Amino acid sequence: MTNILLEKKGLYAVATINRPKALNALNSEVLQDLNELVDIVNADEEIRALVLTGSGEKSFVAGADIGEMSTLTKAEGEAFGKKGNDVFRKLETMPIPTIAAINGFALGGGCELSMSCDIRICADTAVFGQPEVGLGITPGFGGTQRLARLVSPGMAKQLIYTARNIKADEALRIGLVNAIYPAEELLAAAEKMADTIAKNAPIAVRACKKAINEGLDVTMDEAIVIEEKLFGSCFETADQVEGMGAFLEKRKHAPYQNK
Ligand code: DAK
């Protein structure tokens, strides 16, 4: 990967989008790297949680690359949108939890990228927005869909139609992010959360992610069946036996083995 730095830190990893000359904007190459990142992390059984952030102090991701998009034909625009959507969906559905540590601008494709992660926390300097209609296009990497589901349809429509940027405190108020940290403390907070998640029973954590994601797409009757099956799948795992055994024996459980 030329534009993403990946660092393994014990049971979790930190991926940093690193294209500082364009405020980490997403061109085809970065999208390709994101695709490769998901493949690498999915293939590594030691990684139990992933933090995604942007390099530098100014920007998480300042959107899709406007230079690259500016000359696209209709067919090329659709293909570019599909490329981004495929990668973002792959990120959204990867088995382990993902945390977006939003360290600055999260505009357009940057806001959309953060919404493809499970959890969003941000720096007090972060700025969010879907500025696309100001550029003559629609949000094309899932923004119309994920923002409406995450905040509310009315609030998503307001943000998208007005193309207005919002600051961290407003993002918190509308539920776009879970928490705000002083910029210099953001990454440590994201890593602490990743480490906490990674120390819980990984099979159960992955089952929770699958249950929540898949359950949200179906009726409640279907969703509880998904939950029942995933609940059942945790039994007879070494980690379930150890976790419950430790409780009953009034001792701390041994490190979970992902088995
Ligand atoms: N693309 C390419 N380059 C960008 C960029 C971007 N999105 N954002 C910033 N840069 C570049 C700037 O051009 C500049 O490059 P140089 O001039 O130094 O070569 C460098 O990064 C530093 O930026 P600034 O000099 O502008 O820095 P400032 O601090 O003054 O301003 C800013 C920061 C983030 C407010 C400003 O750069 C800005 O407004 N950037 C654009 C933000 C934006 O509008 N983002 C949304 C892009 S639209 C679709 C698929 C996808 C999408 C839509 C449809 N389908 C196919 C249907 C997604 C669309 C988007 O994401």
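Quick caveat: nothing in here was measured; it's all calculated off a predicted structure. Just the heavy atoms: all of them, side chains too, but no hydrogens, waters or symmetry mates, feed the values below.
Glu214 places no side-chain N or O within 3.5 Å of a backbone atom of Ala211 that could act as its donor or acceptor partner. A donor-acceptor pair under 3.5 Å links the side-chain atoms of Asp239 to the main chain of Asn258, judged by distance alone. Under a 3.5 Å cut-off, the side chain of Glu185 and the backbone N or O of Tyr181 do not form any donor-acceptor pair. Judged by distance alone, with hydrogens and angles left aside, the side-chain atoms of Asn103 form a donor-acceptor pair with the main-chain N or O of Gly54 at under 3.5 Å.
Of all heavy-atom pairs spanning Cys234 and Ala204, the tightest one is SG-CA, 4.0 Å. Across all their heavy atoms, Cys111 and Leu176 have their closest contact at SG-CD2, 4.2 Å. Taking every heavy atom of both residues into account, Gly129 and Asn165 meet most closely at CA-OD1, 3.8 Å.
A salt bridge links Arg146 with Glu92; the closest basic N to acidic carboxylate O contact falls under 4.0 Å. Taking a cutoff of 4.0 Å between a charged side-chain nitrogen and a carboxylate oxygen, Lys259 and Glu242 do not qualify as a salt bridge. Salt bridge status for Lys90 with Asp86: absent, with no side-chain N to carboxylate O gap under 4.0 Å. With salt bridges taken as basic N to acidic carboxylate O contacts below 4.0 Å, none links Lys167 and Asp124.
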Side chain to side chain donor-acceptor pair (under 3.5 Å), that's the test. Do Asn3 and Asp33 meet it? Break it down for me. CA-CA 7 Å; Asn3 301 284; Asp33 285 349; 3.1 Å; yes
Going through the checks in order, is the salt bridge (charged side-chain N to carboxylate O under 4.0 Å, His left out) test met by Lys8 and Asp44? CA-CA 10 Å; Lys8 271 175 76 170; Asp44 189 333; 2.7 Å; yes
Please determine whether side-chain contact (heavy atoms from CB on, under 4.5 Å) holds for the pair Arg89 and Leu91, giving the CA-CA distance in whole Å, both sets of side-chain angles, and the decisive distance to 0.1 Å. CA-CA 5 Å; Arg89 185 71 180 137; Leu91 174 69; over 6 Å; no
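Under the 4.5 Å side-chain heavy-atom criterion for grouping Ile, Leu, Val, Met, Phe, Trp and Tyr, Met155 is not connected to Val127 through any hydrophobic cluster.
Counted by atom type alone, Gln240 and Thr237 present zero donor-acceptor pairs between their side chains at under 3.5 Å.
Judged as a salt bridge (Lys or Arg N to Asp or Glu O under 4.0 Å), and not counting sequence neighbours, Lys83 has no contacts. Every residue two or more places apart in sequence or in another chain was checked for a side-chain hydrogen bond (donor to acceptor under 3.5 Å, both in side chains) with Arg173, and none qualifies.
Crowding of Glu184 atom CD: a count of heavy atoms from other residues, nucleotides or ligands under 6.0 Å exceeding 12.
To the nearest 0.5 Å, atoms CD (Glu78) and CD (Glu76) are separated by 11.5 Å.
Using bins of under 30°, 30° to 60° and over 60° for the plane-to-plane angle, the ring pair His253/Tyr256 lands in the parallel bin.
Aromatic rings of Phe141 and Phe80 (six-membered ring for Trp) have centroids within the 6.0 Å cut-off, being under it.
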